[in-house]
Every structure is written in structure tokens, then in C-alpha cells.
Amino acid sequence: MIQESARSGERESGRAGSESTSRPHDLPPSRAAADALAERLAELLSRCALKNQRAFADLYQLTAAKLYGVALRILRRQDWAEEVLQECYVNIWNHAADYAAAKSAPLTWMTSIVRNRCLDWLRRPQTEATGDEYDIAVEAWRDDSPGPLESLVASSEAAALARCLQQLETKQRQSIMLAFFNGLSHSELASHMQQPLGTVKTWVRRGLERLKGCLSGA
Amino acid sequence: MASYKDPELRDRLAAEYVLGTLRGRARARFESLQHYDPSLRRIVAEWEERITPLAGAASEIPPPARVWKAVSRRVAGAARGEDRRISLAFWRGLAVTGAAFTLVLALFIGLSPRPEPPMAMVAVMNDDKGQPAMVVSWPPMKAMRDPHIRIRVVQEHPTMAQGTSWELWMLPPGKAAPVSLGLISTDADQTMKLKAAVATRMEGAWGMAMSVEPEGGSPTGAPTGPVIFKGQCVKIL
């Protein structure tokens, strides 16, 4: 996978630096790589806040494929995803100074900007999804196979999240993942899963509650 | 809606906002609520930390090169001041440099077709892209017999959708609710008369926000629609 090779490259460069000596030994290597990436992105964002265009180019280089993947999956149209991505990066440049106040992981902060913009985009009435463009993407999730979850565990960036998702009931997990990755609304979920709206809403709500409990160690 | 105070409902709405199943008007309303409710914003941030790392499982797809070309052109244009609109950095710089403020004031007053008392406070309101959209300023209220504020549209005026009104809100210090100042017209330069009770509170304002409301203004006395411009107030005299 491209994703994996990109990560291992990051890991090596992280290790070559001075950080390898100060990093706690109990962290798995991929976790250490994720932390190194987060540190790097936070540093780039702070330089973007000072209007350093070189830092902004590096930031784009490191994150664009990830964020474009997120946008494309939700919007299902390349031209829309490109436009949203473009807007979001200009936004990130303009608001880089706000990042420090957000107190979240840099990639989470950037991903939230893209996801929120995509969901706003879908609010426009003329962008209503026409039907089965997303079925192909969704096919992989239809059965109980962990699929993308496995890559999460492998990346161990979000191992706890993946473990907690796997503990949900199948329907709860499916509806949460369809909503998250494909941007499906409650009614789209209901028609896609061929279930009454109320049932799907309950799956989502209970799933989120259990997820929160599991992540807090309850 | 009183139920927005219910902690369980707040948590559930925040979760569904982050997951993306909160849609349409409910999403817009929830988004604008976050501007006035830092604790709600915190609950949202917690859910972002919980759920958003899931995006790490999405496949990475390199965007076409034209995206970066367009982004870097827009960013470089703003940095070099080629953009016709004034960059955010410019305004940020102003916000911390008192001397610079005198300059920009002189500029505004110089361009102004009518004489007016010196301004005491100014709020530069940015749009969601961080670009200045409007400048609201006002003289010391005590000095005025007819208290008013001046509103200038910096950007090319975005169109007001049919059946909507734009309502300007003053954000008082502390946790006090936003105070409606009135409805904005489409003029690029306008003054808005204030009620005496509102005028006395203007000195304490820390921010201004503009929301999209049903025609005639918010029916509840509080912002109900999305906030499209906002900015902090800065004392200049």
C-alpha cells in the first residue's frame, strides 16, 4: 500500500533524527512515526501562522493525499473534492494561527476542517447524491469484514478507536463508518441499509455512546 | 431552544455533528451555537479527538497538481498584497499595533464623504475564509445624542438570499447572551441607530457577529442561523 510505504519512510527519517533517543521505548515504531509526524505538522502549522510559504508547501506535501482521500469519499465527485480541498488549504493557511488554541492533534484539526466543509457542501440542495455512485465504495463494508479497520490497527495511530469499533454490534459499526467515511445522512443510511429511519438513528446513537464508553475505558 | 442546555443532548448533538449525521438547518444552528458557547465547542473538540482519527483508515489519494497550483497562487497573492482584498495578516498586525490603527482610521476618515466624530472602537469582521468582510466602528457613545455605529463592507458584498435578513450582534463580556443591534442593509456604507439601552453596553463589547436570519430578523431574540462574519472589538482611543 502506498500509505504504508509513506509511513515507513517517515518512520526512518524520524529515527535518523535526534528524537530516537528521547522517545519512550515502549511505543511501537508506527506509533512513534505517527507522533513524529504530528510534531512535524504542528511545527509547520506554527510557521504557516507566521506566513512562511515554504512551510505551507511542506504541510501540503505531507497531508494533501490524506485529506483529498477524505473529501473524495464524502463528495464522490472529483471536481467537488478538488474545489473543497483548495478552499480548505487556503483556510488552513489563513487560520494557522488558530491551531495552537484548538489544542488538538494537527491532523485531526485539518481533517475536521475538510470534513466540515464537505458536509456543508452536501447541504446545498443541488448537490444531492444521485444514487449509486457510492455503492462501489460502500461494497467493502457491507459484510462484517473489518477491512479499513485493520489498516487502522496496523497504523496504530488509532488502535484504541479501532479496537472499540470492533466491539460494537455489526449494524452499529456499519452505520457509524458509512456516516463517517461516506458522509451518509440518517435518511441515506436508512435507504442504503434498507431499514426504517428510527432503527438506523438508534444504531448510530447507541454506537456512539458505546464508543465513548469504550474509549474512556469504561 | 431550552433543551440545548441538557448535557446528554449536547453530547449527542456534538457526536452527531462530528460524525456528520447532523445535517441541514440543525447543523447550521449547532455550528452557530458553538461560537457563543465555549463549553459546547470543547465537547465538539473531544468528539473530534475520538472519531476523527478514523480518517487515518481512508485511502490516500494524491490530488491532481492543479489543486496545489491554485492554492499556492491564492496564498502567494494574499501574501504579496496582490489580492484586492486586504489579507488577514494585515488586520491581525493592526490589531496589535496601536499606531497602525491611527493610520487606517485616517484612511477611512479621509475617504469618508461625511464628517464624523473620532472612532473609539472598531471590529473587523472576517468571513469563514478569514478574509475581512465588514468593518464596524463607533465613536464614544456618551458623546453622541443619537447613538449609532458605522458599518462598511470591505469585500464585494455577498448577496443576501431571498427571504433572509442579516442581523448584527454585539457580544458582551462574560457569558451574557449576544445583543441584537439590528438588521444590515445591502449598502456598502451604512449607519445603524442604536437604542439607548444597547448604546451604553457598546463600550464593553468584545466581539461582533453577523448571522443569517429569517426575513425580518431572528424570531427568538437570539441568533438562530449560521454566523457568516465575526470579529473582535478593539479599543482605539
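Since this is a predicted model, take the numbers as computed values, not measurements. Proteins get letters first, then strands, A, B, ... in listed order; numbering begins at 1 in each.
Within 6.0 Å of atom CD in B:Glu203, 12 or fewer heavy atoms from other residues, nucleotides or ligands are found, so the atom counts as exposed in its surroundings. Heavy-atom contacts from other residues, nucleotides or ligands closer than 6.0 Å to CZ of A:Arg206 number 12 or fewer.
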ask   = Would B:Leu54 and A:Leu165 count as a side chain to side chain contact (heavy atoms under 4.5 Å, CB included) if you check the C-alpha gap in whole Å, the side-chain angles of each, and the deciding distance to 0.1 Å?
value = CA-CA 10 Å; B:Leu54 194 51; A:Leu165 274 167; 3.5 Å; yes

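When heavy atoms are compared at a cutoff of 4.5 Å, A:Gln61 does not approach chain B at all. In this structure, the portion of A:Arg115 lying under 4.5 Å from any heavy atom of chain B is its side chain and not its backbone. Using a 4.5 Å cut-off between heavy atoms, A:Leu208 touches chain B through backbone and side chain atoms alike. Both the backbone and the side chain of A:Ala57 come within less than 4.5 Å of a heavy atom of chain B. Neither the backbone nor the side chain of B:Arg42 comes within contact range of chain A; no heavy atoms are under 4.5 Å apart. Residue A:Tyr60 touches chain B through its side chain alone, counting heavy-atom pairs closer than 4.5 Å. For B:Arg12, the part lying under 4.5 angstrom from a heavy atom of chain A is the side chain only. If you measure heavy-atom distances from A:Leu67 to chain B, you find no contacts under 4.5 Å at all.
Expressed to the nearest 0.5 Å, how far CD of B:Glu49 lies from CG of A:Leu215 amounts to 11.5 Å. Taking CG from B:Asp127 and CG from A:Asn91, the interatomic distance works out to 8.5 Å, rounded to the nearest 0.5 Å. A distance of 8.5 Å separates OH of B:Tyr17 from OG of A:Ser112, quoted to the nearest 0.5 Å. Between atom CD of residue A:Glu209 and atom CD of residue B:Glu8 there is a gap of 7.5 Å, rounded to the nearest 0.5 Å. Separating the OG1 atom in A:Thr111 from the CD atom in B:Glu48 is a distance of 9.5 Å, to the nearest 0.5 Å.
Contact count versus chain B (heavy atoms, under 4.5 Å) is highest, among A:Cys88, A:Cys164, A:Gly69, for A:Gly69. Per-residue heavy-atom pair counts under 4.5 Å with chain B were compared for A:Val204, A:Leu72, A:Leu189, and the maximum is reached by A:Val204. Annotation: maximal heavy-atom pairing with chain A below 4.5 Å, among B:Val18, B:Leu22, B:Val71, occurs at B:Val71. Here B:Pro63 is the residue among B:Pro63, B:Pro226, B:Gly20 with the most heavy-atom pairs under 4.5 Å with chain A.
The two residues B:Thr21 and A:Ala179 have their closest heavy-atom pair at CG2-CB, 3.6 Å. The two residues B:Ile51 and A:Leu161 make their nearest non-hydrogen contact at O-CD2, 3.8 Å. Minimum heavy-atom separation, B:Leu19 to A:Ile176: CD1-O, 3.5 Å. In terms of heavy atoms, A:Phe56 sits closest to B:Val75 at CE2-CG2, 3.6 Å. For the residue pair B:Arg23 and A:Leu119, the shortest heavy atom distance occurs at NH2-CD2, 3.4 Å. Nearest heavy-atom pair across B:Pro64 and A:Glu82 is CG-OE2, 3.1 Å.
In this structure the side chain of A:Lys212 never reaches within 4.5 angstrom of the side chain of B:Glu46, judged on heavy atoms. Using a 4.5 Å heavy-atom threshold, the side chains of B:Arg27 and A:Asn116 count as touching.
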